[in-house]
Chemist: 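The structure follows.
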Amino acid sequence: MDLFEYQGKQYFARYGIPVSQGGVADTVSEAVAVAEKIGYPVVVKAQVQVGGRGKAGGVKLAADRFEVELHASNILGLDIKGHVVKRLWVEHATDIAAEYYASFTLDRAAKLHLAMVSAEGGVEIEQVAEENPGAIARRHINPLDGLPIEEARALVTEAGLDEAARDEAARILVDLYRCYVEGDADLVEINPLVLTTDNRVHALDAKVTLDDDAAFRHPEWEEFAGIGEIDERERLAHEKGLNYIGLDGTVGIIANGAGLAMSTLDVVNQVGGSAANFLDIGGGANADVMANALEVINTDEKVEAILVNIFGGIVRCDEVARGILTALDRVELSSPIVLRLDGTNATEARQIIAGASSEKVISEPTMLSAARRAVELAESRSGGGK
Amino acid sequence: MSIFVDEKTKVAVQGLTGSQGRFHGLRNRAYGTKVVAGVTPGKGGSEVEGIPVYDTIDEAVAAQGVDATFVAVPPRAAPAAILQAAEAGVPLVVCITEHIPAKDEAYVAAKLQRDFPKTRLIGPNCPGLISPGKCNIGITAGDIALPGGPVGIVSRSGTLTYQALHELSQQGVGQTTCVGIGGDPVPGTTFVDVLEAFEADSETRAVMMIGEIGGEAEELAAEYIKTKMSKPVVAYIAGQTAPTGRKMGHAGAIVSGSKGTAKGKMEALAAAGVIVAENPTRAGELMVEIVRSLP
């Protein structure tokens, strides 16, 4: 789960990481109220989960009430790469002497945590990594050892941070590591971490991705639930507990297992079609789950055919077949289903489907033939053109 | 031969009295696996269909001698269960548990490496491993596998592992061992670990590898294959059409920027001499051709 900047800053603050004084605003008058409270000049910042908001006009400096009104009204409702701004973060402006970068993430290949620190902050770190890799100091951190303050001090020195910033930056790094570990984040990133003209160091931006699997030990994450789902289909799927990602194509996909679902997307693409979604119904493919899945796909107006790809292992195919028939009673589907069932009890399952003689369900013996059939149906139903 | 397990492997099921542990543990026993013990704290002295249950893995090891454990407990309890098994000296731990926090996985991996280097962890979030006709630990349906080799399978995905077994078995091509390493960011056993074992196993004559988007495990495997592997490898990478920045089901399956793409992985594997298939069916066909042409 990706947090918005303002949530990331609130998360940082819990671990003692200094951030600018500010507040959240959903309207122009709220933005003015925040600005009047914290004092001018302020920065009005769009809260969207996409990079490049500054260039898109989503970050503006305001010297007085008039400018806050002007910028807030322009930024609210602004479309930044498909993300419409609904919320602002208004914070006290900072006099910047230098901009740095700091982050923690997992190095999967090394099976260790990775700290990255650079004196070249304020730009995309990928760009720094490409153009000047030597400017990034990296260090693996063994979770059994953690990050002692001496290590953090060595790291900021190696990264070439200004002398005046080093003590404070090292302390922030230790707190940021604690935020990363105890806060169960997949990523914590401060870009830029700034040195102010009066020699203080603080986080001017906050990027935090939380590990959804750790939600059970973070009841405080409740307030973040449902954020970032800009797609109505995904919101609906999430409510039903389905593992769904919306895409742009015309073939709706239902499969059991993430790998098989990904593979189904691949095969649909290879036979000339395009998937409308990724949907993994997992191991519990009973009638209820199947009906929920079909309901979600049915709300997608672009869908012209639905491909159900099940490999029965633990899941028995006859149960899946019955589930589909039950689902058909519950849901008025606007598209036909092409069904591929293999594995445990597949023969019985095919008999069940054949016996029901529903015009809505077409059985195919293999994953490839099912994908071809679904794509053909989708194309003919959308008038052949795509 | 098989890798990691054989017909003599004695298995304990941690969480045998839970619904998952009971269902899969009994299924594994019905397949012919020597399931000798169950472990559930507080339920020591009871039994599940004739399998004695112990309070701790230590007691199970002392009473029965245990070569491998099957960890089928919820995410909160799984890290401790894995480390207890390692502490008890069990050389192989297979963990099917899904949704373990990444921080816990990283901690467990570091702890095993530093304090218990003799214990191999397979998983978490994996279907387990099966050596057809000999031993099945985990959730794979035994009847889709075919004994006798000569193909070894290693896979990051569950259902695609079954698909791979199915494609080969249907054509009459058997497997030596099929290892599901799991789709999480910190797998205990990696592609390279399994490829090394297959390379050393005299009965395995070709390897089928099923990867997916995210991370760089496939690239590291390509490096290993290129420099160290003599046996033919066929690979399929799932997620060729996956969008950037979205987790495709598995915690580990995410393309970030240009990193972790299927394209990059397929190119790395092809450059290492691996035969790369565009879908699982094609991978099966290519492997059948290779097996039929083996001397």
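Residue numbers start from 1 in every chain, and the chains themselves are labelled A, B, ... in the order their sequence lines are given, proteins ahead of strands.
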Chemist: Answer yes or no: does atom CD of A:Glu182 have more than 12 heavy-atom neighbours from other residues, nucleotides or ligands under 6.0 Å?
Modeler: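 Yes, CD of A:Glu182 has more than 12 neighbouring heavy atoms, counting only those of other groups under 6.0 Å.
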Chemist: Sort B:Glu278 into side chain, backbone, both or neither according to what part of it lies under 4.5 angstrom from a heavy atom of chain A.
Modeler: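 Both backbone and side chain of B:Glu278 come within 4.5 Å of chain A.
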Chemist: Would a 4.5 Å heavy-atom cut-off, applied to side chains only, mark B:Arg76 and A:Arg217 as touching?
Modeler: no
Chemist: Just give me the residue among B:Gly214, B:Pro75, B:Gly142 that pairs up with chain A most often, heavy atom to heavy atom, under 4.5 Å.
Modeler: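 So the answer, after comparing B:Gly214, B:Pro75, B:Gly142, is B:Gly214.
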Chemist: Relative to chain A, which segment of B:Gln163 carries a heavy atom at a distance below 4.5 Å: side chain, backbone, both, or neither?
Modeler: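 Both backbone and side chain of B:Gln163 come within 4.5 Å of chain A.
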Chemist: Do B:Lys247 and A:Phe278 form a cation-pi contact, if we require the NZ or CZ to be under 6.0 Å from the six-membered ring centre and within 45 degrees of the ring's axis?
Modeler: no
Chemist: Do the side chains of A:Glu234 and B:Arg246 get nearer than 4.5 Å, heavy atoms only?
Modeler: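 In contact.
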Chemist: Is B:Ile100 close to chain A through its backbone or its side chain, or both, or neither, when contacts mean heavy atoms under 4.5 Å?
Modeler: backbone
Chemist: Could you label the plane-to-plane angle of the A:Phe311 and B:Tyr162 rings as parallel, tilted or perpendicular, counting under 30° as parallel and over 60° as perpendicular?
Modeler: tilted
Chemist: Count the heavy-atom pairs under 4.5 Å between each of A:Asp184, A:Thr366, A:Val267 and chain B, then report the option with the highest count.
Modeler: A:Asp184
Chemist: Find out whether B:Glu212 and A:Met262 are in side-chain contact, i.e. whether some heavy atom of one side chain is under 4.5 Å from a heavy atom of the other.
Modeler: yes
Chemist: What part of B:Arg282 gets within 4.5 angstrom of chain A, counting heavy atoms only: side chain, backbone, both, or neither?
Modeler: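 For B:Arg282, there is no contact with chain A at all, as no heavy atom is under 4.5 Å.
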Chemist: Can you tell which of A:Ile245, A:Asp266, A:Val268, A:Asn269 has the highest number of heavy-atom pairs within less than 4.5 Å of chain B?
Modeler: A:Asp266
Chemist: Name the region of B:Ala141, side chain, backbone, both or neither, that has any atom closer than 4.5 Å to a heavy atom of chain A.
Modeler: side chain
Chemist: Tell me, side chain or backbone of B:Thr190 under 4.5 Å from chain A's heavy atoms, or both, or neither?
Modeler: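 Side chain only.
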Chemist: Could you please spell out the steps behind the salt bridge (Lys or Arg N to Asp or Glu O under 4.0 Å) verdict for A:Arg108 and B:Asp184?
Modeler: CA-CA 10 Å; A:Arg108 292 164 55 164; B:Asp184 276 359; over 6 Å; no
Chemist: With a 4.5 angstrom heavy-atom cut-off, could you sort out which part of A:Asn243 is near chain B: side chain, backbone, both or neither?
Modeler: side chain
Chemist: Please state whether the side chain, the backbone, both or neither of A:Ala185 comes within less than 4.5 Å of a heavy atom of chain B.
Modeler: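 Just the backbone, heavy atoms under 4.5 Å.
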Chemist: Side-chain contact, heavy-atom cut-off 4.5 Å: A:Asn142 with B:Arg114?
Modeler: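 When only atoms from C-beta onward are counted, B:Arg114 and A:Asn142 do touch, with a gap below 4.5 Å.
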Chemist: Indicate the atoms forming the closest heavy-atom contact of B:Ala109 with A:Lys111, along with that distance.
Modeler: CB-CD, 4.1 Å
Chemist: For the side chain to side chain contact (heavy atoms under 4.5 Å, CB included) test, which of A:Asp248, A:Leu247, A:Leu265 pairs with B:Pro243?
Modeler: A:Leu247
Chemist: Within this structure, what is the CG-CG distance for the pair B:Asp115 and A:Leu144, rounded to the nearest 0.5 Å?
Modeler: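 Going from the CG atom of B:Asp115 to the CG atom of A:Leu144 covers 7.0 Å.
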Chemist: Can you say whether B:Ile139 sits under 4.5 Å from chain A via the side chain, the backbone, both, or neither, judging by heavy atoms?
Modeler: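 Contact with chain A is through both the backbone and side chain of B:Ile139.
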Chemist: Heavy-atom count check: over 12 atoms from other residues, nucleotides or ligands less than 6.0 Å from A:Glu220 CD?
Modeler: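 Yes, enclosed.
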Chemist: State plainly whether the residues A:Asp213 and B:Lys103 are in salt-bridge range, i.e. N to O under 4.0 Å.
Modeler: no
Chemist: I'd like to know whether NZ of B:Lys226 has more than 12 heavy-atom contacts from other residues, nucleotides or ligands below 6.0 angstrom.
Modeler: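 Open: at most 12 neighbouring heavy atoms sit under 6.0 Å from NZ of B:Lys226.
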Chemist: Rounded to the nearest 0.5 Å, what separation is found between the CD atom of A:Gln270 and the OG1 atom of B:Thr241?
Modeler: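 One finds 8.0 Å between CD of A:Gln270 and OG1 of B:Thr241.
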Chemist: Between A:Asp280 and B:His250, is there a side-chain heavy-atom distance shorter than 4.5 Å?
Modeler: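 Result no, sub-4.5 Å side-chain heavy-atom pair not found.
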Chemist: Rounded to the nearest 0.5 Å, what separates atom NE2 in B:His166 from atom CG in A:Asp342?
Modeler: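 Here the rounded value is 3.5 Å.
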Chemist: Might you point out which heavy atoms bring A:Leu368 and B:Asn279 nearest each other, and give the distance in Å?
Modeler: CD2-ND2, 3.9 Å
Chemist: For a quick test of reading the model, state the closest non-hydrogen atom pair linking B:Ala106 to A:Pro143 and the distance between them.
Modeler: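 The answer is O-CG, 3.6 Å.
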Chemist: Is chain A contacted by the side chain of B:Ala102, its backbone, both, or neither, given a heavy-atom distance below 4.5 Å?
Modeler: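 Its backbone and side chain both get close to chain A.
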Chemist: Which bit of B:Ile210 comes within less than 4.5 Å of chain A, counting heavy atoms only: side chain, backbone, both or neither?
Modeler: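 Neither part, no heavy atoms under 4.5 Å.
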Chemist: Decide if atom OH of A:Tyr15 counts as having more than 12 heavy atoms of other residues, nucleotides or ligands within a radius under 6.0 Å.
Modeler: yes
Chemist: Identify which part of B:Pro127 has an atom lying under 4.5 Å from any heavy atom of chain A, answering side chain, backbone, both or neither.
Modeler: neither
